[in-house]
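Because only heavy atoms are used, hydrogens play no part in the values below, and waters and symmetry mates are left out as well, while side chains stay in. Start at 1 with the first residue, then count along the sequence.
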Amino acid sequence: MHGPTAARALPDKKGEVIQEYGTVNQFPIGLSYEARMYACQRLNRVLADTQILYGLYKKHHWLMRGATFYQLHLVLDKHAGEQLGLVDTLAERVQTMGGVAVGDPRHVAELTSVPRSPDGVEEVPAMLSRLLEAHETILVDAHDAAARTAELGDDGTNDLLVSQVIRTGELQTWFLAEHLVDTPLVRA
């Protein structure tokens, strides 16, 4: 298609920032500015950590090795999918509160509390331990944020953190931790 009616890409077109990160718009949702601002700040931290955890799950899913390869390959992919669902839910909650969800991976890297993993392949127990450490980082933060948002009357954020982030994280932690337990030999 050529001519005056053909669509043209405008690669040099830059848009104006219409809402800065770290601000909240006023939505009529029955919560104070302070409660919404606090929730957005805490949710974005959990969101950044959850995006990193999702990436770790995918990395370890791809790099899995050894006798339990197949089982762990499947469970890590299942957990990654669940974390990706949490990423979307957390981001939508930030937006619902009038905030701006962290989305750019470079910004996520600035905000995360989850330590960076090596670029290479670690032994399987080390990969699982790294996932457990990331889960604990998120769970500690989510418990604290849930308690504080409850104090501020933000039942929606509290519910999201407790019923989805914390419960999913605890269940996934259990599954991972059980793979690191030494099983005693059964003697006849």
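Of all non-hydrogen atoms in Tyr54 and Ala80, the two that sit nearest each other are CD1-O, 3.2 Å. Residues Leu131 and Leu176 come closest through the heavy atom pair CB-CD1, 3.6 Å. Of all the heavy atoms in Ala101 and Val94, the pair that sits closest is N-CG1, 3.6 Å. Here the closest non-hydrogen pair linking Tyr57 and His135 is OH-NE2, 2.7 Å. Of all heavy-atom pairs spanning Val165 and Ala142, the tightest one is CG1-CB, 3.9 Å. Across Ala146 and Asn158, no two heavy atoms sit closer than the pair O-ND2, 2.8 Å.
Residues Asn25 and Arg36 are not in side-chain contact: their nearest non-hydrogen atoms beyond the backbone lie 4.5 Å or more apart. A heavy-atom distance below 4.5 Å is found between the side chains of Arg130 and Pro118.
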inquiry  = For a side chain to side chain contact (heavy atoms under 4.5 Å, CB included) check, start with the C-alpha distance between Asp154 and Tyr38, then their side-chain angles and the critical distance, and finish with the verdict.
reply    = CA-CA 10 Å; Asp154 183 358; Tyr38 181 81; over 6 Å; no
Derivation and outcome, side chain to side chain contact (heavy atoms under 4.5 Å, CB included), residues Leu180 and Leu132 = CA-CA 10 Å; Leu180 294 174; Leu132 289 170; 3.6 Å; yes
query = Given Asp159 and Arg93, is the salt bridge (charged side-chain N to carboxylate O under 4.0 Å, His left out) satisfied, shown in steps?
reply = CA-CA 11 Å; Asp159 179 60; Arg93 182 65 185 170; over 6 Å; no
message = side chain to side chain contact (heavy atoms under 4.5 Å, CB included), that's the test. Do Glu20 and Val100 meet it? Break it down for me.
response = CA-CA 7 Å; Glu20 294 289 337; Val100 177; over 6 Å; no
request  = Report the C-alpha distance between Gln164 and Leu86 in whole Å, list the side-chain angles of each, state the deciding distance to 0.1 Å, and finish with yes or no for side chain to side chain contact (heavy atoms under 4.5 Å, CB included).
outcome  = CA-CA 7 Å; Gln164 295 184 52; Leu86 287 175; 3.8 Å; yes
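Using a distance-only test at 3.5 Å, with no hydrogens or angles considered, a donor-acceptor pair links the side chain of Gln51 to the main chain of Val102. Between the side chain of Gln19 and the backbone N or O of Gly98, at least one donor-acceptor pair lies under 3.5 Å. Of the possible polar contacts, one joining the Ser32 side chain to the Ala35 backbone as a donor-acceptor pair under 3.5 Å is found.
Under the 4.0 Å criterion applied to side-chain N and carboxylate O atoms, Asp141 and Arg42 are assigned as salt-bridge partners. With respect to Glu110 and Arg106, no salt bridge is recorded, no charged nitrogen being found less than 4.0 Å from a carboxylate O. Taking the charged nitrogens against the carboxylate oxygens, Glu151 and Arg148 do have a contact shorter than 4.0 Å, which makes a salt bridge.
With sequence neighbours left out, the salt bridge (Lys or Arg N to Asp or Glu O under 4.0 Å) criterion links Asp49 to no other residue. Looking at residues two or more places apart in sequence or on another chain, you find a side chain to side chain contact (heavy atoms under 4.5 Å, CB included) between Met64 and Phe69, Leu72, Leu76, Val124, Met127.
Tyr70 and Val75 fall within the same hydrophobic cluster, defined by Ile, Leu, Val, Met, Phe, Trp and Tyr side-chain heavy atoms under 4.5 Å apart, directly or through other members. Both Leu171 and Leu74 are members of a single hydrophobic cluster when ILVMFWY side chains are connected at heavy-atom separations under 4.5 Å. Residues Val140 and Leu90 are members of separate hydrophobic clusters, defined by side-chain heavy-atom contacts under 4.5 angstrom among Ile, Leu, Val, Met, Phe, Trp and Tyr. If you chain together hydrophobic residues whose side chains sit under 4.5 Å apart, Leu111 and Val108 fall into the same group. Linking Ile, Leu, Val, Met, Phe, Trp and Tyr residues whenever their side-chain heavy atoms come within less than 4.5 Å leaves Leu139 and Leu53 in two separate clusters.
In this structure, CG on Leu43 lies 10.0 Å from OG1 on Thr50, to the nearest 0.5 angstrom. Separating the CD1 atom in Ile52 from the NZ atom in Lys59 is a distance of 11.5 Å, to the nearest 0.5 Å. Between the CD1 atom in Ile138 and the CD atom in Gln83 there is a gap of 6.0 Å [rounded to 0.5 Å]. The structure places CD of Gln71 at 7.5 Å from NE2 of His179, a figure rounded to the nearest 0.5 Å. Distance CZ/Arg65 to CD/Glu122: 11.5 Å, rounded to 0.5 Å. Atom SG of Cys40 is separated from atom CZ of Arg45 by 13.5 Å, given to the nearest 0.5 angstrom.
A side chain to side chain contact (heavy atoms under 4.5 Å, CB included) with Met37 is found for one member of Leu31, Leu152, Val24 and no other, namely Val24.
The environment of CD in Glu170 is crowded: more than 12 heavy-atom neighbours from other residues, nucleotides or ligands sit within 6.0 Å.
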